[in-house]
Every structure is written in C-alpha cells, then in structure tokens.
Trainee: 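For reference, the structure I am asking about is given below.
Heavy atoms only: backbone and side chains are in, while hydrogens, waters and symmetry mates are out. For ligands, and for the atoms within them, numbers begin at 1 and follow the listed sequence. The structure displayed is predicted, hence computed values, not measured ones.
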Amino acid sequence: MAALQNYITQNKQRFLDELFDLLKIPSISADKKYEKDIAATAEFVKKSLEKAGCKKVEICETKGYPIVYGEHIIDEALPTVLVYGHYDVQPPDPLDLWKSPPFDPVIIKTELHPEGAIFARGSCDDKGQFYMHVKAFEYMVKEGILPCNVKFMIEGEEEVGSPNLGLFVKENQKKLKNDVILISDTGMISNRQPSITTGLRGLSYLEVEVTGPNRDLHSGLYGGAVANPVNILAKMIAALHDSDNRITIPGFYDKVVEVSAEERAQMAKAPFSLEDYKKALDIADIYGEKGFSTNERFSIRPALDVNGIWGGYTGEGAKTVIASKAYAKISMRLVPDQHPDEITNLFTDHFLSLAPKSVTVKVTPHHGGFPYVTPIDNIGYQAANAAYTETFGVPAIPQRSGGSIPIVYLFEKELKSKTILMGFGLNSDAIHSPNEHFGVFNYLKGIETIPLFYQKYTELFISAKK
Ligand code: BES
Ligand code: MN
Ligand code: MN
C-alpha cells in the first residue's frame, strides 16, 4: 500500500491541523456548562464526515447530547462496517497538573513517542482515534477504493455512561444494520507490538452517603462519644476487601467465569514487564488479588475501587470538627458473567449491613454496564489481524482490557454483530489524567491500518459467502 503511505506523508500536516481544531473544542459531557461546545463539536464531526465524502450525514438529537450519524452505501450486496466512536471528553481537572493547556493541543516528544505526541484532552480518548477513521475513509473515497459500505455513529455521551445511546440503538435497528462494528477507543501493547482488544470489563458505579449526628460537632466536646461518619465510612470501605485482597461482598464472585489454565498460560506469554510497569507509575510494589498476576488482575478479574471520598474539613489549616456526613464514589469493574444490576444490589445489601446503628447509610447507583468478551475465530478478527500484520510487520496479540465501553455489549444484543476493537493508544497515554496524549506515530499508523481492515474484511466476507 505504497499509495496510502504517500497519501499520509503528503497530508500529514493537514491531518494534524484538522485534529487540532477538533481538540480545541472543550466537549466535556459531564459538565452542563459545555453544552454549546458539545453542539459545536457535533457540528464539526458532521462537517468533517461530509468533507471526507460521506453521502448522508445527520445529527440525531437525543434526550441528551446528539449522535452524529453518517452513511455511505455503495452496494447493498457488499458488507457494511459500522464505525463507533465518541466526541465527548472527560473533564480536564486537576488543571494545574497539565504541562500545557488541555484544549490547546501541542506536539511534544516523549520517551515512548520519540516522533512526538499530541498533548490535549481527548487526543487519545477518543477524538484522535475516531478521527483516524474519518481520514482513512476520506482516502478510500478519494481514491475510489472503498471496498464496502460504511456507517458512522459518533456519540457525545460516552464518558457519562451513554445514557441515551441504548434507546437510539433499539429504535434504529434497521438504520444501524451492519455486518461488523469497528471501534478505535482502546489501546495496544506497544508501538512495536500491536494487540486487538478481545474483552472489556463491565461496570457498576455508585455513591454512598454516611450520616451521623444532625450537625457538624466540636471534635473535643463530642470526640470519642459519637460515631464519626468519616471514621465509619473508612472502616466500612476497608471491610470490602479481605487480607487476600478479595472482595468480601457475599455472592460477588458467584458468576465470575474462571479463565482456564490454558488461556492463562497464553496470556502470560504476552510481552509485559513488571519492572517497567512499576517504574512508569513510581510504585515500589504491585498490589492485588492473591493468586493472580498483574495482567490478570486488570483484565480477567473483577475489582472494587473508591474513586473519590470526602467529608469534614478539607480546607487550609485545621478545624476541629466531626462532620455530620461522609461520602464516597465507588466503582466495581466486572467480568463475565457478572450482571451489573445484581452486583449493585449485592453491594447495597452488604454495605448497609456493615453500618453500625449509630449512623444511617444511603447507597445511590449511578451507571453500569455489562462486560464483553469476543472470540477470535471470526472474519472480523482475522481481517484486523491481517491489517496489523501488514502495517506493523508482526501479528497482533489478542488481549482483554480492563476498561469499559458498556455499549459494546448492547450492540451485540440489539444489532447481533460482533465488535472489533482496533485501538491505537498506549496505556501510558494518560487518558482521563492530566497530560493526556496520543502519538503522532499512532495517529498515522491508525489511518494506514484501517483501510487494510476494510479491504481484508470485504475479501473474507465475499469468500465466506461463496
Ligand atoms: N475509551 C475508554 C475505555 C477504554 C480505554 C477501554 C482503554 C479499554 C482501554 C472509555 O472512554 C471510558 O473511559 N470508559 C469508561 C466507562 C464509562 C461508562 C464512563 C471507563 O472505562 O471508566
Ligand atoms: Mn473512550
Ligand atoms: Mn474515556
């Protein structure tokens, strides 16, 4: 594909400039303040699809933020690839930890990205990654080599749990009909070793509130004589894991599918350096469930983590006070066949049972999602692997990820099609963190690999039909 490489070299600056313009719009879905920016981003995505040559593009309103839908049908007899991505981003805070402003993209060289990486919120998750698809599509249309039909669905609420996408998918089954779903919203092992994500963890996210006395109290007058909600909350949270770092919620592991020794042995062969892992995070030791490796702990095993905890006085200096209330946000990452609602219920019952009579506890569920695991014996996986093999010179390794994209489970349930997760980010790209970045190499490599997927998928699809 020398022609494609030429096209990328010639258009590299334009590809970067366009992505920079997209990254400059702060499309933060979690904060109502950015509503106008979200609308502007949806408009930007629509225009970019039109400019790339997509025949029909529309903005589909929902109860929340709009979904940009594009359709380019060349021949009903050919397969249809549905590309999914999200144009919304996580809030950038803490702002003071960014080395450059989050919505003012710059290219900086790093150890893992010697050719430079684009630093901006959303560069990797997911603007940079879905925009690779727009550019790959542009190339195929321009050169007249698009081998199949394409549909695009780029949403604006992924980072807040896609609350309206499920209904949209259910109501638009015909419109979204496809043979395979293609998503670039995950990562790969390294720039020398591509991998295809074959699993995503599910999620149960909730908030807890512990209430003690009816007002904040003087910690001298009352300290030691009443239950302090912050102390109690800390105790309750500590009780959620045992000394083997297993989760203590009764029934929590009942539906966990144990991965076979064979598959675990296979997983252990993937390149992974514990030393590099520790060094990258500045930690002296790893931590986690007894009996499992680090790789297993973040992929095939469930986890429970406090995402935020607050209560009492946290301002400057000291204030001697016993707070009336304490709070925490807790997430549980789930694996097959754990059911998010069941897990939420198990958590709630158990958490309430941990509370002493001296406090009251409220548990409020936020959002959830099912875990997803996909087999590799299908033409979608084979096509992706063949594409990677050609552009990276080595085959991809199948690997389950610890992150969640809850809609993937729903796609399979409602649209009956498999999702291929062709991610080009690295774990070290700091998604959701300050200084998120995306390698220029990764961005361009994505644009180069995607057209090969289309080509190989269509070939395999046609020969399977014969
Ligand atoms: N793109 C990520 C998920 C991801 C990243 C999966 C890397 C695998 C590898 C996505 O945007 C995300 O952040 N998902 C959320 C869940 C959502 C319900 C807010 C997550 O995993 O926390
Ligand atoms: Mn994402
Ligand atoms: Mn994300």
Trainee: Could you tell me how the ring of Phe424 sits relative to the ring of Tyr388: parallel (under 30°), tilted (30 to 60°) or perpendicular (over 60°)?
Mentor: tilted

Trainee: Tell me which N, O or S atom of Asp125 sits nearest to the Mn ion (ligand 3).
Mentor: OD2

Trainee: What do you reckon, does Gly369 put a non-hydrogen atom under 4.0 Å from ligand 1?
Mentor: no

Trainee: Tell me, yes or no, whether the heavy-atom count around Lys418 atom NZ, taken from other residues, nucleotides or ligands under 6.0 Å, exceeds 12.
Mentor: yes

Trainee: Would Lys329 pass as a cation-pi partner of Tyr205, given that its NZ or CZ must be under 6.0 Å from the six-membered ring centre and within 45 degrees of the axis?
Mentor: no

Trainee: Would you kindly specify which portion of Thr186 sits under 4.0 Å from ligand 1, judged on non-hydrogen atoms: side chain, backbone, both or neither?
Mentor: both

Trainee: Give the single entry among His86, Glu159, Arg333 that approaches atom 19 (C) of ligand 1 most closely by any heavy atom.
Mentor: Glu159

Trainee: Return yes when at least one N/O/S atom of Asp126 is nearer than 2.8 Å to the Mn ion (ligand 2), and no when none is.
Mentor: no

Trainee: Would the distance check show the side chain of Ser190 and the main-chain N or O of Arg192 forming a donor-acceptor pair, the cut-off being under 3.5 Å?
Mentor: yes

Trainee: Is the shortest distance from a Lys or Arg side-chain nitrogen in Lys445 or Glu115 to a carboxylate oxygen in the other one below 4.0 Å?
Mentor: no

Trainee: Please verify the inter-ring angle class for Tyr409 with Phe370; under 30° counts as parallel, over 60° as perpendicular, anything in between as tilted.
Mentor: parallel

Trainee: Compute both the distance and the angle, then confirm whether Arg297 meets the cation-pi test with Phe292: under 6.0 Å from the six-membered ring centre, within 45 degrees of the axis.
Mentor: no

Trainee: Check each atom of ligand 1 against the heavy atoms of Ser401 and keep those under 4.0 Å away; list them by number with element.
Mentor: 8 (C), 9 (C)

Trainee: Provide, to 0.1 Å, the distance between atom 4 (C) of ligand 1 and the closest protein heavy atom, together with that atom's residue and name.
Mentor: Asp185 O, 3.6 Å

Trainee: Which residue owns the protein heavy atom closest to atom 6 (C) of ligand 1, what's the atom, and how far is it?
Mentor: Gly403 CA, 3.7 Å

Trainee: Which of the atoms of ligand 1 are close to Ile431, meaning less than 4.0 Å from one of its heavy atoms?
Mentor: 5 (C), 7 (C)

Trainee: Record the part of Ser162 in heavy-atom contact with ligand 1 below 4.0 Å; permitted values are side chain, backbone, both and neither.
Mentor: neither

Trainee: Give a yes or no on whether Asp185 keeps an N, O or S atom under 2.8 Å from the Mn ion (ligand 3).
Mentor: no

Trainee: Please check if any side-chain donor atom of Tyr84 sits under 3.5 Å from a side-chain acceptor atom of Glu155, or the reverse.
Mentor: yes

Trainee: Give the residue, atom name and distance (to 0.1 Å) of the protein heavy atom nearest atom 17 (C) of ligand 1.
Mentor: Glu158 O, 3.8 Å

Trainee: Is it true that the side chains of Glu138 and Tyr7 contain a donor and an acceptor less than 3.5 Å apart?
Mentor: yes

Trainee: Which distance, rounded to the nearest 0.5 Å, do you find between the CG of Asn295 and the CZ of Arg264?
Mentor: 11.5 Å

Trainee: If you check every N/O/S atom of Glu159, which is the one nearest the Mn ion (ligand 3)?
Mentor: OE2

Trainee: Which protein heavy atom lies closest to atom 14 (N) of ligand 1, and at what distance to 0.1 Å?
Mentor: Ser404 O, 2.9 Å

Trainee: With a 4.0 Å cut-off on heavy atoms, does Asp126 reach ligand 1?
Mentor: no

Trainee: Both conditions, 6.0 Å and 45 degrees, for the charged tip of Arg121 above the ring of Phe103: are they met here?
Mentor: no

Trainee: For ligand 1, is any non-hydrogen atom under 4.0 Å from His432's backbone (N, CA, C, O), its side chain (CB onward), both, or neither?
Mentor: side chain

Trainee: Specify whether an N/O/S atom of His86 falls short of 2.8 Å from the Mn ion (ligand 3).
Mentor: no

Trainee: With nothing but distance in play, are any N or O atoms of His367 less than 3.5 Å from an N or O of ligand 1?
Mentor: no

